[in-house]
Amino acid sequence: MSLTPKEMLQKIKGPLALLPTHFNKDESLDLGAMRATAEFALKSMEGKDGCVMIAGSTSEFYAMTDKESLDMIEAVADVIKGKVPLIAGTGRAATGLTIDMSMKAQDAGVDLAMVSNPYYLMVTDEGLYRHFSKIAEALDIGVMIYDNPTTSKMNVPVDIMKRLSRIPNIIATKENSIDMDKIYWLTHETDSSEFIVTCGIGTNYYMYEAMLGVHAFVTDLMCIAPDLAYKMYDADCAKDYDAMKQVLDQIVPYNKFIAKCVASRRIPTSIELAHGGRATSVYQSVMKKAMELVGLPGGIVREPLENLSATEVSDLRRALLDSGIPVVK
């Protein structure tokens with residue numbers, strides 16, 4: 001049985017473990033690998049704060065049919081069995097399609113529907129409000145707004161987010177913004193007892209947002225080095241920002257490797273770097289190969305994304321070791 005929005009509100013803290021979707025070499029869905037990764041996450045989070053997050057950008061939801069997404073959600077939910085909160089992306093380009101997907105995810109046992117901004121066509125600020133409010137009205141579970149300007153071309157303004165935060169079951173935002181001014185105003189203008197701002201960009205920005213009262217962050221480290229993710233969170237809880245920086249300093253080789261992968265590819269886009277950079281073109285592939293190197297399922301990314309070359313995998317292995325992350329391959 002899913003958590004109520006009030007119950008889920010108390011659980012949104014600590015690492016939000018991003019799980020990729022595993023595919024076989026023929027690009028078919030590998031549900032066995034999904035269950036194995038879910039079991040790893042469950043074991044890593046035992047007795048600790050945190051949530052599992054699936055079916056979002058990292059999970060390549062945009063390259064999957066609704067049936068595949070639901071099959072994956074059900075497989076993970078069957079492993080999790082309510083032992084840790086489960087967040088699943090249900091956003092689609094249109095409001096009605098999102099409601100349909102969100103209700104199916106709710107029936108599958110998801111605790112929080114992560115709903116992206118409408119994408120492809122741009123809408124007005126009132127269109128954004130109607131989109132999220134209608135979805136919330138249709139659900140019994142909580143809603144997390146997935147405010148990702150890089151993938152949607154839309155950016156939920158602070159005043160609209162403030163209005164949305166007053167809807168009882170809209171309880172969080174996954175804020176994919178590197179604009180610290182916006183993060184400040186979101187935390188200032190919303191009530192943290194009713195609405196949680198989470199760091200959607202990931203580990204590298206968590207330290208800065210923690211100082212503004214953001215204490216939940218998405219991170220791929222939960223799939224390759226969960227001890228480092230919890231080291232960051234524990235330091236946040238202790239307000240030890242020097243210790244948080246030490247973790248960032250430790251994983252510099254890993255982050256430099258990702259930057260090198262981006263720099264070596266021509267990525268023709270009109271999206272400005274200020275909107276979150278261009279790592280979205282390669283980070284899923286890096287994450288999956290890193291998981292394989294540490295002994296977990298990985299697999300390929302679906303076209304048109306690119307898989308790493310053999311040389312890049314070798315370089316990734318060295319980057320992980322230089323970051324103090326043990327590898328088995």
Side-chain angles (χ1 to χ4, degrees), residues 2 5 8 16 18-21 23 27 29 31 34 51-77 86-157 160-161 163-164 167 169-177 198 200 218 271 275-276 280-281 284 301-305:
S2 300
M8 185 64 199
L16 307 179
L18 294 169
L19 306 192
T21 301
F23 302 115
E27 295 197 3
L29 192 59
L31 293 178
M34 287 306 309
C51 306
V52 168
M53 180 177 282
I54 56 175
S57 301
T58 300
S59 299
E60 299 174 71
F61 85 92
Y62 47 81
M64 300 167 64
T65 66
D66 284 358
K67 183 182 184 305
E68 286 177 320
S69 290
L70 285 168
D71 286 346
M72 184 265 285
I73 290 170
E74 289 171 356
V76 173
L86 180 60
I87 303 170
T90 57
R92 299 295 183 266
T95 306
L97 296 177
T98 303
I99 289 173
D100 181 65
M101 188 65 185
S102 300
M103 292 183 73
K104 290 175 180 176
Q106 176 178 272
D107 291 343
V110 166
D111 298 298
L112 187 64
M114 181 174 66
V115 178
S116 59
N117 300 340
Y119 48 87
Y120 190 74
L121 291 179
M122 291 181 281
V123 301
T124 65
D125 52 2
E126 288 303 317
L128 283 172
Y129 182 83
R130 293 195 307 273
H131 178 72
F132 290 114
S133 61
K134 286 178 180 291
I135 293 162
E137 289 168 5
L139 298 176
D140 296 320
I141 61 173
V143 171
M144 169 184 274
I145 294 171
Y146 182 13
D147 188 15
N148 190 336
T150 298
T151 57
S152 70
K153 303 189 298 292
M154 302 301 300
N155 193 347
V156 182
I160 298 296
M161 193 74 79
R163 287 171 57 194
L164 289 167
I167 297 172
N169 64 325
I170 295 183
I171 60 173
T173 177
K174 178 177 179 283
E175 195 61 34
N176 278 48
S177 174
T198 72
V218 303
I271 298 295
H275 288 164
T280 49
S281 61
Q284 296 99 330
V301 292
R302 277 185 170 172
E303 293 285 1
L305 293 184

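The figures that follow rest on heavy atoms only: side chains count, while hydrogens, waters and symmetry mates do not.
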- request: Measure the spacing between CG of D147 and OG of S116 and express it to the nearest 0.5 Å.
  value: 10.5 Å

field: Side-chain donor or acceptor of E60 paired with backbone N/O of V301 under 3.5 Å
entry: no

- line: Value for CE (M144) from CG (L112), rounded to nearest 0.5 Å, stands at 5.0 Å

Candidate pair I141 and M8, rule side-chain contact (heavy atoms from CB on, under 4.5 Å), full reasoning: CA-CA 9 Å; I141 61 173; M8 185 64 199; over 6 Å; no

message: To the nearest 0.5 Å, what is the distance between OH on Y146 and OG1 on T198?
response: 10.0 Å

task: Mind listing the closest non-hydrogen atom pair of V110 and A88 along with its distance?
output: CG2-CB, 3.6 Å

- request: Please report the C-alpha distance between D71 and K67 in whole Å, then the side-chain angles of each, then the deciding distance to 0.1 Å, and finally whether the side-chain contact (heavy atoms from CB on, under 4.5 Å) criterion is met.
  value: CA-CA 6 Å; D71 286 346; K67 183 182 184 305; 2.8 Å; yes

query: By side chain to side chain donor-acceptor pair (under 3.5 Å), which residues pair with S133, not counting sequence neighbours?
result: none

message: Ignoring hydrogens and geometry beyond distance, is a side-chain donor-acceptor pair present between T173 and E175 at under 3.5 Å?
response: yes

task: Just jot down the side chain to side chain donor-acceptor pair (under 3.5 Å) partners of S69, sequence neighbours excluded, or say none.
output: none

task: Can you measure from CG (L70) to CE (M72) and round to the nearest 0.5 angstrom?
output: 9.0 Å

- prompt: For E68, which residues count as a side chain to side chain contact (heavy atoms under 4.5 Å, CB included) partner, sequence neighbours excluded?
  reply: L29, M64, T65, R302

message: Using side-chain heavy atoms (C-beta onward) and a distance below 4.5 Å, is V52 in contact with L19?
response: yes

message: Show, in sequence, the C-alpha distance, side-chain angles and deciding distance for N117 and N148, and conclude whether the side chain to side chain donor-acceptor pair (under 3.5 Å) test is met.
response: CA-CA 7 Å; N117 300 340; N148 190 336; over 6 Å; no

message: Donor-acceptor pair, distance only, cut-off 3.5 Å: does the side chain of Q284 make one with the backbone of T21?
response: no

- prompt: Looking at SG of C51 and CD1 of I87, how far apart are the two atoms once the value is rounded to the nearest 0.5 Å?
  reply: 4.0 Å

message: Once side chain to side chain contact (heavy atoms under 4.5 Å, CB included) is applied, do any residues pair with E126, and if so which ones, sequence neighbours excluded?
response: T124, Y129, R130, I160, R163

field: Inter- and intrachain pairs under salt bridge (Lys or Arg N to Asp or Glu O under 4.0 Å), touching residues 98-123, at least two apart
entry: D100-K104

message: To check you understand the geometry: which heavy-atom pair defines the closest contact between V218 and G200, and what is its length?
response: CG2-O, 3.1 Å

task: Report yes if some heavy atom in the side chain of L128 is under 4.5 Å from a heavy atom in the side chain of P118; otherwise report no.
output: yes

message: Please find the pair of heavy atoms, one from A136 and one from V143, that lie closest to each other, and give the distance.
response: CA-CG2, 4.0 Å

- request: Compare every heavy atom of E74 with every heavy atom of A108, then report the nearest pair and how far apart it is.
  value: CB-CG, 3.8 Å

query: Is there a donor-acceptor pair closer than 3.5 Å between any side-chain N or O of S152 and the backbone N or O of Y119?
result: no

message: Assess the residue pair M161 and F132 against the criterion (side-chain contact (heavy atoms from CB on, under 4.5 Å)); give the C-alpha distance rounded to whole Å, side-chain angles, the decisive distance to 0.1 Å, and a yes or no.
response: CA-CA 10 Å; M161 193 74 79; F132 290 114; over 6 Å; no

- request: Kindly say whether R92 contributes a backbone atom to a donor-acceptor pair with the side chain of T98 at under 3.5 angstrom?
  value: yes

- request: Assess whether side-chain contact (heavy atoms from CB on, under 4.5 Å) is satisfied between T150 and N176, documenting all intermediate values.
  value: CA-CA 8 Å; T150 298; N176 278 48; over 6 Å; no

- line: The reported gap from CD1 in I54 to CG in L16 (rounded to nearest 0.5 angstrom) is 13.0 Å

message: If the condition is side chain to side chain contact (heavy atoms under 4.5 Å, CB included), which residues does T95 pass it with, not counting sequence neighbours?
response: I99, H131, K134, I135

